[in-house]
Novice: 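First, the structure itself, so that you have it in front of you.
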Amino acid sequence: REIASLHASMAPGGSGMFGGPLVKAMGSLLAFETARRAAVALADAGVDVDRQLKAIKVTAGATAAEMETFQRKMQIAAGETQTSSRELASSAGDLVAAGLDLGTASASVGTIAKGAKASGAALAEVNQAAIALIQNLGFTPDTLMRGIDEMIKGGKAGMFEMKDMARELPAMAAAASNVGMRGQEGLAQIVAMAQIVRQSTATGSEAATDVTDFLNKLSAPDTQKKLKKFGVDVEAVFKRAKATGKDFTHEMLLEIQRVTKGDPFKISQIFGDKEAKQAVVALIKNLEAFDAMLAKIMNSAGETMRDY
């Protein structure tokens with residue numbers, strides 16, 4: 001009975017020394033502490049944003065007027081994408097630190113935030129992919145959404161997921177640019193190759209390494225000499241593909257298939273590295289699947305906003 005009485009006295013309507021007033025006071029104290037912590041977090045976020053903006057101003061060499069325009073664009077992007085100012089400032093800071101001008105950065109962050117939300121990939125990873133699209137493959141803020149469309153569509157079409165693309169694209173795009181692959185067509189080829197090669201690897205990272213090594217080998221003088229011994233002129237294949245509107249990688253794979261008949265031993269004579277050889281063997285064995293994947297990825301307009 002004493003214990004029951006004590007419990008009753010502590011209840012909100014209780015009448016003992018631990019009764020309602022004390023419970024209410026504790027509730028008020030808890031509410032106050034919650035509000036205090038929220039206010040501190042908000043203030044800290046504000047300090048972080050100010051610090052990020054100052055760093056962007058210095059890195060970009062921007063004037064006060066340019067920064068005012070930049071901040072207005074950030075506010076609009078934050079409202080449109082429901083992304084915090086801190087995250088957008090961090091995104092823009094990374095773009096500027098990578099060498100993009102302030103105008104390109106401010107025009108790109110909204111698209112990048114939408115891509116991250118639509119795909120479920122981390123904003124920082126989509127950021128790095130966007131930098132690769134712009135710097136290596138010739139995308140602009142106006143075409144950036146189409147690049148993200150292709151990556152999201154490709155991620156749905158196979159085992160090489162969007163998070164893999166966001167993380168691995170910088171290295172693949174740099175290698176692709178060395179053999180003249182650019183724009184939406186170049187990106188679609190990269191994504192299609194990664195998807196096909198991923199079917200023969202244990203992880204997305206392994207598939208990306210294989211594709212990157214294959215592309216790097218195509219631009220290497222030593223590999224080009226080996227291909228010439230087999231009767232394949234890489235530069236001539238590239239020019240012919242460009243002149244006829246065909247995909248360079250597809251034409252190159254056809255040539256390699258023609259001179260090696262898919263024989264792994266002959267392929268090893270051209271591509272000595274295990275990674276490049278794995279990519280070539282997987283792609284030659286699945287050329288029809290590669291073509292189908294490429295067509296699917298090219299038909300991806302609006303994919304980001306459908307999932308956003």
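Atom set for the values below is all heavy atoms of this structure, side chains included, hydrogens, waters and symmetry mates excluded.
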Novice: I need the full list of ring-ring contact (aromatic ring centres under 6.0 Å, His included) pairs touching residues 218-245, with sequence neighbours left out, sorted by first then second residue.
Specialist: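 Only F238-F248 qualify under ring-ring contact (aromatic ring centres under 6.0 Å, His included).
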Novice: Contact between K228 and V234 at the side-chain level, heavy atoms closer than 4.5 Å - yes or no?
Specialist: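 A side-chain contact is absent here, since even the closest heavy-atom pair is not under 4.5 Å.
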Novice: With the 4.5 Å side-chain cut-off for hydrophobic clustering, are I190 and V179 part of the same group?
Specialist: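 Linked, I190 and V179 end up in one cluster.
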Novice: Using a 4.5 Å cut-off on heavy atoms from C-beta on, say whether the side chain of K266 contacts that of Q269.
Specialist: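 Yes; the side chains approach each other to less than 4.5 Å.
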Novice: Hey, could you give me the CG/CG distance between L95 and N127, rounded to the nearest 0.5 Å?
Specialist: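 If we round to the nearest 0.5 Å, L95:CG and N127:CG are 4.5 Å apart.
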Novice: Does A236 offer a backbone N or O that forms a donor-acceptor pair with the side chain of D233 under 3.5 Å?
Specialist: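 Present.
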Novice: Return yes if some donor-acceptor pair links the side-chain N/O of T104 with the main-chain N/O of L100 below 3.5 Å, else return no.
Specialist: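 Pair absent, no side-chain N/O of T104 close to backbone of L100.
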Novice: Can you name the closest pair of heavy atoms from G302 and D149 and give their distance?
Specialist: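 Closest heavy-atom pair between G302 and D149: N-OD2, 3.0 Å.
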Novice: Determine all donor-acceptor pairs shorter than 3.5 Å in which one atom belongs to a side chain in residues 293-300; sequence neighbours excluded.
Specialist:
{"unit_1": "S300", "atom_1": "OG", "unit_2": "R146", "atom_2": "NH1", "d": "3.2"}
{"unit_1": "S300", "atom_1": "OG", "unit_2": "I297", "atom_2": "O", "d": "2.7"}

Novice: Which is it for T249 and M181 under the side-chain contact (heavy atoms from CB on, under 4.5 Å) test, yes or no, and what are the steps along the way?
Specialist: CA-CA 9 Å; T249 47; M181 294 166 65; 3.9 Å; yes
Novice: Under the side-chain hydrogen bond (donor to acceptor under 3.5 Å, both in side chains) definition, can you give me all pairs with a residue in residues 190-208, not counting sequence neighbours?
Specialist: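 Residue pairs passing side-chain hydrogen bond (donor to acceptor under 3.5 Å, both in side chains), neighbours aside: E168-S205.
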Novice: Distance from S106 atom OG to L88 atom CG, nearest 0.5 Å?
Specialist: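 Output value for this atom pair is 11.5 Å.
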Novice: Walk me through it: do S85 and M74 pass the test side-chain contact (heavy atoms from CB on, under 4.5 Å)?
Specialist: CA-CA 7 Å; S85 297; M74 290 298 97; over 6 Å; no
Novice: Is there side-chain contact between L123 and I112, with heavy atoms separated by less than 4.5 Å?
Specialist: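 Yes - at least one pair of side-chain heavy atoms lies under 4.5 Å apart.
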Novice: Starting from the C-alpha separation in whole Å, work towards a yes-or-no answer on side-chain contact (heavy atoms from CB on, under 4.5 Å) for E87 and S84.
Specialist: CA-CA 5 Å; E87 289 177 296; S84 71; 3.2 Å; yes
Novice: Apply ring-ring contact (aromatic ring centres under 6.0 Å, His included) to F70 and list each qualifying residue two or more places apart in sequence or on a separate chain.
Specialist: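 For F70 there are no ring-ring contact (aromatic ring centres under 6.0 Å, His included) partners, ignoring immediate neighbours.
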Novice: Charged N to carboxylate O under 4.0 angstrom, K54 versus D50?
Specialist: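 Salt bridge absent between K54 and D50.
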Novice: How would you list all residue pairs meeting salt bridge (Lys or Arg N to Asp or Glu O under 4.0 Å) that involve residues 207-216, not counting sequence neighbours?
Specialist: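 Listed once each, the pairs are D213-K217.
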Novice: Holding to ring-ring contact (aromatic ring centres under 6.0 Å, His included), I want the full list of residues that pass it with F214, two or more places apart in sequence or in another chain.
Specialist: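 Partners of F214 under the ring-ring contact (aromatic ring centres under 6.0 Å, His included) test: F271.
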Novice: Counting C-beta onward and ignoring hydrogens, is there a side-chain heavy-atom pair between T83 and V109 closer than 4.5 Å?
Specialist: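 A side-chain contact under 4.5 Å is absent here.
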Novice: Between G154 and V191, what is the shortest heavy-atom contact and its length?
Specialist: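 Nearest pair, atom of G154 first, then V191: CA-CG1, 3.8 Å.
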Novice: So, for A175 and N216, which heavy atoms are closest and what is the spacing to 0.1 Å?
Specialist: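 Nearest pair, atom of A175 first, then N216: CB-OD1, 3.3 Å.
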Novice: Any side-chain hydrogen bond (donor to acceptor under 3.5 Å, both in side chains) pairs touching residues 107-122, not counting sequence neighbours?
Specialist: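 Listed by first then second residue: nothing to list.
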Novice: Indicate yes or no for a side-chain donor-acceptor contact from S90 to the backbone of R86 under 3.5 Å, with no hydrogens or angles considered.
Specialist: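 Side chain of S90 to backbone of R86: no pair is present.
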Novice: Measure the CZ-CD1 distance between F139 and I134 for me, rounded to the nearest 0.5 Å.
Specialist: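 Interatomic distance, F139 CZ to I134 CD1, rounded to 0.5 Å: 9.5 Å.
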Novice: Go through the steps to decide whether T260 and V280 satisfy the test side-chain contact (heavy atoms from CB on, under 4.5 Å), and finish with yes or no.
Specialist: CA-CA 11 Å; T260 66; V280 173; over 6 Å; no
Novice: Distance only, no hydrogens: is a donor on one side chain within 3.5 Å (strictly under) of an acceptor on the other, for T69 and E66?
Specialist: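 There is no such pair between these side chains.
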Novice: Quick one: list whatever passes side chain to side chain contact (heavy atoms under 4.5 Å, CB included) with A107, sequence neighbours left out.
Specialist: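 Only P141 meet the side chain to side chain contact (heavy atoms under 4.5 Å, CB included) criterion with A107.
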Novice: Which heavy atom in P170 sits nearest to a heavy atom in N136, and how many Å separate them?
Specialist: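 Heavy atoms of P170 and N136 come nearest at O-OD1, 4.2 Å.
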Novice: Holding to side chain to side chain contact (heavy atoms under 4.5 Å, CB included), I want the full list of residues that pass it with L254, two or more places apart in sequence or in another chain.
Specialist: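 Partners of L254 under the side chain to side chain contact (heavy atoms under 4.5 Å, CB included) test: H250, E251, Q257, L287.
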Novice: Is it the case that the side chains of S91 and D94 hold a donor-acceptor pair, with the cut-off being a distance below 3.5 Å and no angle test?
Specialist: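 There is no such pair between these side chains.
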Novice: Is the shortest heavy-atom distance from the side chain of K274 to the side chain of Q278 under 4.5 Å?
Specialist: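 Yes, at least one pair of side-chain atoms sits under 4.5 Å.
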Novice: Which value, rounded to the nearest 0.5 Å, describes the distance between L53 atom CG and M67 atom CE?
Specialist: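 Interatomic distance, L53 CG to M67 CE, rounded to 0.5 Å: 5.0 Å.
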Novice: With a 4.5 Å heavy-atom cut-off, do R182 and L187 have their side chains touching?
Specialist: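 Not touching, per the 4.5 Å side-chain cut-off.
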Novice: Return yes when atom NZ of K226 has more than 12 non-hydrogen atoms of other residues, nucleotides or ligands closer than 6.0 Å, and no otherwise.
Specialist: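 Result for NZ/K226: enclosed.
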Novice: Measuring from atom CD1 of I152 to atom OG1 of T304, what distance do you get when rounded to the nearest 0.5 angstrom?
Specialist: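 Rounded to the nearest 0.5 Å, the CD1-OG1 separation comes to 3.5 Å.
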Novice: Do L144 and L102 belong together in a cluster built from hydrophobic side chains that touch within less than 4.5 Å?
Specialist: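 L144 and L102: one cluster.
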Novice: Quick one: list whatever passes side chain to side chain contact (heavy atoms under 4.5 Å, CB included) with V232, sequence neighbours left out.
Specialist: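 By the side chain to side chain contact (heavy atoms under 4.5 Å, CB included) rule, V232 matches L227, V237, M252, E255, R258, V259.
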Novice: Going by side chain to side chain contact (heavy atoms under 4.5 Å, CB included), name the residues that satisfy it together with T59, two or more places apart in sequence or in a different chain.
Specialist: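 With neighbours one apart ignored, the set is V96.
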Novice: Side-chain donor-acceptor pairs under 3.5 Å in residues 155-167, sequence neighbours left out?
Specialist:
{"unit_1": "K156", "atom_1": "NZ", "unit_2": "E303", "atom_2": "OE2", "d": "2.6"}
{"unit_1": "K156", "atom_1": "NZ", "unit_2": "D307", "atom_2": "OD1", "d": "3.3"}
{"unit_1": "K156", "atom_1": "NZ", "unit_2": "D307", "atom_2": "OD2", "d": "2.5"}
{"unit_1": "D164", "atom_1": "OD1", "unit_2": "R167", "atom_2": "NH2", "d": "2.9"}
{"unit_1": "D164", "atom_1": "OD2", "unit_2": "E161", "atom_2": "N", "d": "2.9"}

Novice: Any donor and acceptor pair, going by atom type alone, linking the side chain of D101 with main-chain N or O of G103 inside 3.5 Å?
Specialist: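 It does hold such a pair.
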Novice: As an exercise, state the distance from CG of L218 to CD of E235, rounded to the nearest 0.5 Å.
Specialist: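 Separation between the atoms: 13.0 Å.
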Novice: What heavy-atom pair brings T81 and G110 nearest, and what distance separates the two atoms?
Specialist: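 Closest approach of T81 to G110: CG2-O, 3.7 Å.
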